[in-house]
Amino acid sequence: MSSSESGLTKISRRMLLCGIAGAGITLAAPAIARGAGSFRSLSMINNRTAEKLTTAYWVEGEYIPEAMEAVNYILRDWREDQVIQIDPKVIDIMAATQNILDASEPFEVVSGYRSPKTNAMLRSRSRGVARNSYHTRGMAVDLTMKTRSAYEIAGAAKSLGAGGVGRYSRSNFAHVDSGPIRDWGR
């Protein structure tokens with residue numbers, strides 16, 4: 001493939017992604033266990049910064065670097081303004097969960113990446129924050145939705161059999177991570 005052909009492919013892909021995001025179309029993400037499908041998309045809002053993102057982040061077997069960078073930024077530690085690469089598997093779990101819920105609304109991000117400093121501060125305030133949290137490795141996200149309970153979100157995520165899932169019913173959010181398969185909470 002010549003460099004001009006490669007450039008056309010990238011331009012076409014970007015144009016497709018911009019068109020999808022601009023039109024507000026939500027594409028169905030497959031269940032992570034099946035790994036099938038041409039597109040994976042995700043819609044979220046960071047409750048702390050009010051930043052919103054709706055994007056197709058995986059097209060025809062490839063993660064789209066620009067979309068992944070946007071996801072990393074939205075899920076950054078906003079207290080320290082630190083961005084790291086979020087584990088693609090946790091992004092896939094989020095997208096597949098959103099698809100299973102058949103939700104038209106975005107996930108509301110309660111917590112994404114946490115720097116070790118932020119995690120230590122939160123741990124000093126709450127017994128529910130793990131010392132070696134997957135949040136500090138970019139492998140976990142806490143999520144909520146206005147129209148779904150923590151139980152519903154956690155149930156959809158758990159059905160994937162693809163990582164850790166926690167239910168925090170009192171605070172009405174679910175934790176999903178790309179660590180070992182396990183679950184907790186009420």
Side-chain angles (χ1 to χ4, degrees), residues 17 20-21 24-49 51-64 67-76 84-114 128 130 133-186:
L17 292 173
I20 290 168
I25 297 170
T26 302
L27 301 170
I32 191 169
R34 289 194 299 268
S38 297
F39 298 96
R40 293 182 191 165
S41 65
L42 186 60
S43 183
M44 64 181 139
I45 181 170
N46 184 315
N47 280 348
R48 305 297 183 165
T49 64
E51 296 159 333
K52 300 176 185 180
L53 177 67
T54 297
T55 188
Y57 67 91
W58 185 92
V59 176
E60 296 178 359
E62 292 183 38
Y63 291 99
I64 307 307
M68 296 299 280
E69 287 175 23
V71 170
N72 293 340
Y73 185 77
I74 281 249
L75 295 177
R76 75 189 180 283
I84 69 162
Q85 183 176 338
I86 302 298
D87 182 2
K89 185 176 175 187
V90 80
I91 297 166
D92 290 339
I93 293 168
M94 290 171 60
T97 300
Q98 198 165 42
N99 186 54
I100 289 169
L101 292 169
D102 194 25
S104 59
E105 71 178 290
F107 274 126
E108 296 178 26
V109 176
V110 176
S111 184
Y113 168 66
R114 293 186 205 141
S133 172
Y134 282 106
H135 287 277
T136 64
R137 296 182 246 171
M139 295 173 61
V141 182
D142 297 336
L143 306 164
T144 188
M145 286 182 156
K146 289 185 184 358
T147 64
R148 302 292 195 278
S149 68
Y151 183 81
E152 290 172 301
I153 296 168
K158 185 178 175 186
S159 74
L160 298 169
V165 179
R167 290 172 302 284
Y168 295 88
S169 299
R170 285 187 178 162
S171 300
N172 195 35
F173 73 84
H175 167 99
V176 297
D177 68 50
S178 55
I181 297 171
R182 65 214 189 286
D183 69 282
W184 64 93
R186 295 182 203 133

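All heavy atoms count here, side chains included; hydrogens, waters and symmetry mates do not.
Considering CG of Leu42 and CG of Asn99, their distance stands at 11.0 Å, rounded to 0.5 Å. Distance check: Leu75 CG to Asn46 CG gives 7.5 Å after rounding to the nearest 0.5 Å. Note that CZ of Arg137 and CG of Asp87 are 10.5 Å apart. Values are rounded to the nearest 0.5 Å. Within the model, atoms OG1 of Thr49 and OH of Tyr73 stand 7.5 Å from one another, a figure rounded to the nearest 0.5 Å. Note that the OG atom of Ser38 and the CH2 atom of Trp58 stand 7.0 Å from one another [nearest 0.5 Å]. Considering CG of Leu143 and CZ of Phe173, their distance stands at 9.5 Å, rounded to 0.5 Å.
Closest heavy-atom contact between Ser41 and Ala95: O-CB, 3.2 Å. Looking at every heavy atom in both residues, Ile93 comes nearest to Ser178 through CD1-CA, 4.2 Å. In plain terms, the two heavy atoms of Thr55 and Ala67 that are nearest each other are OG1-CB, 3.5 Å. Residues Val90 and Val176 share a closest heavy-atom pair of CG2-O, 3.8 Å. Of all the heavy atoms in Val165 and Ala154, the pair that sits closest is CG1-O, 3.4 Å. Closest approach of Ile91 to Met68, counting heavy atoms only: CD1-CE, 3.5 Å.
Considering Lys146, Met145, Met44 in turn, Lys146 is the only one that fulfils the side chain to side chain contact (heavy atoms under 4.5 Å, CB included) rule with Glu108.
Put simply, the side chain of Phe39 reaches to within 4.5 Å of the side chain of Val59, judged on heavy atoms. Within the 4.5 Å cutoff, side-chain heavy atoms of Ile153 are placed close to those of Thr97. A heavy-atom distance below 4.5 Å is found between the side chains of Ile100 and Leu160.
Counted by atom type alone, Asp92 and Tyr63 present one or more donor-acceptor pairs between their side chains at under 3.5 Å.
The pair Arg182-Asp177 counts as a salt bridge, with a side-chain nitrogen and a carboxylate oxygen less than 4.0 angstrom apart.
When the side chain to side chain donor-acceptor pair (under 3.5 Å) test is applied to Tyr134, no partner is found at least two apart in sequence or on another chain. By the side chain to side chain donor-acceptor pair (under 3.5 Å) test, Asn172 pairs with no residue at all, sequence neighbours left out. In this structure His175 satisfies the ring pair (Phe, Tyr, Trp, His ring centres under 6.0 Å) test together with His135, Trp184, sequence neighbours excluded.
Between the Gln98 side chain and the Ser43 main chain, a donor and an acceptor come within less than 3.5 Å of each other.
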Q) After noting the C-alpha distance and the side-chain angles of Arg114 and Asp142, does the key distance pass the salt bridge (charged side-chain N to carboxylate O under 4.0 Å, His left out) rule? A) CA-CA 11 Å; Arg114 293 186 205 141; Asp142 297 336; 3.5 Å; yes
